Structures are given as C-alpha cells and as structure tokens.
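Values below: every heavy atom of this structure, side chains too, minus hydrogens, waters and symmetry copies. Residues take their numbers from the sequence shown, with the count starting at 1. Bear in mind the structure is a predicted one, so any value in this text is a computation, not a measurement.
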Amino acid sequence: MGRFHRHEDGTAHSHDHGDHGHSHDHGDHSGYQTGAQRIDVLESIFAENDARADINRKAFESNGVSALNLMSSPGSGKTTVLAATLDELAGEIAVGVIEGDIATDLDAAKLSGRGAQVSLLNTNNGFGGECHLDAPMVNRALAGLDLTDLDLVVIENVGNLVCPAEFDVGEHAKAMVYSVTEGEDKPLKYPVMFRSVDVVLLNKIDLLPYLDTDIDAYTAPVREVNPAAEVLPVSARTGAGMEAWYGWVRRFLSE
C-alpha cells in the first residue's frame with residue numbers, strides 16, 4: 001500500500017513526499033492518487049473488512065469454534081508445521097483449515113487425509129493474486145467448512161511478511177512461523193507482523209549448526225519487537241520442540 005499504513009489502534013494515514021524533506025516531479029506518474037482521497041478510500045476498505053471480520057468471529061463463536069490466523073513468509077515451513085499439527089490433533093480435536101494460496105491446490109493436497117476439513121481459498125484474481133487474505137475472502141471460504149462439527153479453524157494465510165498482519169479476518173489469535181533460514185533481522189525489518197502475533201514458531205532449528213549462529217540471535221529481536229509473544233524454537237521436519245507448540249494450541253482452545 002505504499003505510503004499508506006494503519007496503526008495498531010485502527011487509525012491510518014499516508015506520508016507525502018514532503019514528510020521526507022524532498023520532492024519529485026511526478027510527470028507521467030500523476031495518475032497516482034495521494035492525500036485525503038486515498039486515505040478515505042483505504043479507510044473505507046479497512047472498515048468494510050473489519051465489519052466482515054466481526055461477522056466471521058460471531059460465526060466461529062456461535063458454533064463454539066476457536067480461530068487461529070497462521071502467517072509467515074513463503075518457504076518458512078508453515079504448511080509442514082500445520083500438517084504435523086493435524087497429525088498430532090487427529091482424533092482429539094476437530095480441525096478445519098482455510099488454506100490460502102495465490103494459486104494451485106498444492107498445500108491443500110498436502111493437508112488432505114489428515115483428519116481435517118480443508119477449504120481451499122485461491123486469491124488469484126487474474127492480475128497476479130492478492131498477497132494476503134482478508135475477512136470477505138475468509139467469509140466465502142467458510143462455506144466449505146461445517147463449523148458445527150469443529151473445535152478449531154486454522155486460517156493458513158498467504159506467504160507474506162507485510163500485508164497479512166494488517167487484516168483482521170475474524171481470528172481469536174495470530175501465530176507465525178519464522179524460519180532460521182530467513183535471517184535474524186526479520187523482526188526488526190518487518191515489525192508490524194511480529195508485533196501482531198501471540199506466538200512465534202522459530203522453525204528449522206535443525207539447520208542451526210550449518211548457519212554459524214544460535215537460537216538467542218533469533219529470539220532476542222523477536223522479544224525486542226514483541227515482549228509478550230511466546231517464542232517456540234521448533235523443527236517441523238524432525239519434531240524437535242513441537243510438543244511445546246501442540247501444548248500452546250491446546251491451551252488456546254481451553255481459554
């Protein structure tokens with residue numbers, strides 16, 4: 001969204017070039033709309049999204065369902081974490097998954113046959129696809145789940161470290177998967193995402209011996225940005241640390 005962003009309290013604003021002490025001749029770029037008109041349009045988009053998020057949340061709660069928004073960058077191992085979680089909870093907790101992807105059903109196929117209801121949500125709109133899920137999209141995907149039979153819905157968001165954190169989709173908590181292969185600086189470079197979540201799964205810790213670093217190098221920046229978030233070092237591939245994550249999910253459902 002360029003110069004526009006929304007704060008945690010729901011307020012939003014944009015920055016014009018004057019804020020940065022320099023100016024440009026926009027020339028051929030005069031078609032870009034900035035200022036009050038742009039803010040009004042984007043605030044309207046957020047307001048509509050938040051209203052639909054409330055509808056989603058009421059639908060979850062009226063059926064006794066807890067909803068978790070699972071976010072990450074592409075390639076962090078989010079789907080592998082989710083697959084292992086479904087295997088662990090099968091027969092104990094009734095889980096539904098809204099599987100968000102720009103295109104293909106590859107991740108949905110990986111999650112099928114693991115005891116969960118799966119509703120695929122492709123954001124491809126003919127122009128490359130949306131880089132995040134929003135509340136209206138999730139509302140449409142709910143038609144693919146029978147909420148009356150579920151305890152938990154996991155909304156696997158599109159892989160992106162920016163946009164997903166700004167859109168309430170009706171969840172009760174946010175979690176993210178953060179891979180050690182992404183580098184220790186990501187919480188400082190993408191603070192909005194890390195600040196928005198309740199728990200961070202530091203994934204692929206089995207690769208740490210090959211990266212000449214340690215867990216503290218990753219957890220310290222997370223805690224600097226979000227002291228309240230629980231940080232769980234895990235390896236979805238080997239299973240190391242995953243019991244702590246499963247315990248977090250069970251506590252989340254009992255709250």
Side-chain angles (χ1 to χ4, degrees), residues 46-72 78-125 129-130 132-159 164-177 196-199 201 230 236 242-255:
F46 279 131
E48 180 181 352
N49 178 84
D50 292 349
R52 189 58 61 91
D54 288 339
I55 293 172
N56 293 347
R57 193 171 291 108
K58 289 175 182 175
F60 292 132
E61 292 171 354
S62 66
N63 287 282
V65 174
S66 298
L68 180 65
N69 187 357
L70 184 62
M71 303 178 291
S72 78
K78 176 161 42 63
T79 304
T80 303
V81 166
L82 183 51
T85 304
L86 296 182
D87 291 344
E88 169 70 16
L89 300 180
E92 174 190 350
I93 296 168
V95 184
V97 177
I98 294 176
E99 178 54 49
D101 256 322
I102 292 178
T104 80
D105 63 352
L106 294 175
D107 287 347
K110 292 176 184 176
L111 300 177
S112 65
R114 298 179 184 272
Q117 297 181 34
V118 180
S119 180
L120 176 62
L121 178 55
N122 284 146
T123 69
N124 195 333
N125 55 13
E130 296 292 340
H132 62 275
L133 300 184
D134 61 23
M137 294 178 197
V138 169
N139 185 263
R140 293 193 298 272
L142 288 179
L145 300 176
D146 183 359
L147 293 181
T148 63
D149 283 343
L150 298 177
D151 303 309
L152 170 68
V153 169
V154 180
I155 302 160
E156 184 175 2
N157 221 306
V158 177
E166 295 205 326
F167 286 82
D168 181 2
V169 294
E171 73 277 5
H172 298 101
K174 290 182 171 73
M176 74 172 294
V177 180
S196 73
V197 299
D198 301 282
V199 59
L201 282 76
E230 196 164 348
M242 290 294 284
E243 284 299 327
W245 162 242
Y246 304 146
W248 187 94
V249 173
R250 291 183 175 103
R251 292 194 303 276
F252 167 62
L253 287 171
S254 67
E255 292 175 353

Item to check | Smallest separation among heavy atoms of Asp149 and Gln117, with atom names | outcome: CB-NE2, 4.0 Å
Checklist entry - Considering only heavy atoms from C-beta outward, does the side chain of Leu142 approach that of Asn56 to under 4.5 Å? => result yes
Next on the checklist: Whether the Asn49 and Asp168 side chains hold a donor-acceptor pair (N or O, under 3.5 Å, no angle test) is what I'd like checked.
Outcome noted: no
Next on the checklist: Could you walk me through whether Ile155 and Val138 satisfy the side-chain contact (heavy atoms from CB on, under 4.5 Å) test, starting with their C-alpha distance in whole Å, then the side-chain angles of each, then the deciding distance to 0.1 Å, before giving a yes or no?
Outcome noted: CA-CA 8 Å; Ile155 302 160; Val138 169; 4.2 Å; yes
Item to check | Note, Asp151 side chain near Val95 side chain (heavy atom, < 4.5 Å) | outcome: no
Checklist entry - CG of Asp50 to CG of Asp54: how many Å apart, nearest 0.5 Å? => result 7.0 Å
Checklist entry - When you look at His132 and Glu166, which way does the side chain to side chain donor-acceptor pair (under 3.5 Å) test go after all the steps? => result CA-CA 9 Å; His132 62 275; Glu166 295 205 326; over 6 Å; no
Next on the checklist: Contact between Met176 and Lys78 at the side-chain level, heavy atoms closer than 4.5 Å - yes or no?
Outcome noted: no
Next on the checklist: Return the OG1 to CG distance between Thr85 and Leu70, rounded to the nearest 0.5 Å.
Outcome noted: 8.0 Å
Item to check | Side chain to side chain, Asp198 and Glu230, heavy atoms closer than 4.5 Å | outcome: no
Checklist entry - Where do Ile98 and Ala141 come nearest, in terms of heavy atoms and distance? => result CG2-CB, 3.7 Å
Checklist entry - If you measure from CD on Glu156 to CG on Leu68, what distance do you get to the nearest 0.5 Å? => result 11.0 Å
Next on the checklist: Holding to side-chain contact (heavy atoms from CB on, under 4.5 Å), I want the full list of residues that pass it with Ala165, two or more places apart in sequence or in another chain.
Outcome noted: Val192, Met193, Ser196
Checklist outcome for this item: For Phe252, the ring pair (Phe, Tyr, Trp, His ring centres under 6.0 Å) test, sequence neighbours excluded, returns Trp248
Checklist outcome for this item: Here the gap from Glu88 atom CD to Met242 atom CE, rounded to the nearest 0.5 Å, amounts to 8.5 Å
Checklist entry - Between CD of Glu243 and OH of Tyr246, what distance do you get to the nearest 0.5 Å? => result 6.5 Å
Can you give each donor-acceptor pair under 3.5 Å made by side-chain atoms of residues 100-113, sequence neighbours left out, with the distance rounded to 0.1 Å?
from	atom 1	to	atom 2	distance (Å)
Thr104	OG1	Leu106	N	3.4
Asp107	OD2	Thr79	OG1	3.2
Ser112	OG	Ala109	O	2.8

Checklist entry - Would a 4.5 Å heavy-atom cut-off, applied to side chains only, mark Leu147 and Val153 as touching? => result yes
Checklist entry - Do Leu133 and Val158 come within less than 4.5 Å of each other through their side chains, counting heavy atoms only? => result yes
Checklist entry - Is there a donor-acceptor contact under 3.5 Å from the side chain of Thr80 to the main chain of Ala236? => result no
Next on the checklist: Working to the nearest 0.5 angstrom, can you tell me the gap between Leu253 CG and Ser66 OG?
Outcome noted: 5.0 Å
Next on the checklist: Determine whether a donor-acceptor pair (N or O, by modelled atom type, separation under 3.5 Å) exists between the side chain of Lys58 and the backbone of Gly170.
Outcome noted: no
Checklist entry - What pairs with Thr148 under side-chain contact (heavy atoms from CB on, under 4.5 Å), at least two apart in sequence or on another chain? => result Asn63, Asp146
Checklist entry - Is it true that a side-chain atom of Glu171 and a backbone atom of Val169 form a donor plus acceptor pair closer than 3.5 Å? => result yes
Checklist entry - Which residues satisfy the side-chain contact (heavy atoms from CB on, under 4.5 Å) test with Ile55, sequence neighbours excluded? => result Arg52, Asn139
Checklist entry - Does Arg140 have any side-chain contact (heavy atoms from CB on, under 4.5 Å) partners at least two apart in sequence or in another chain, and if so, which? => result Pro136, Met137
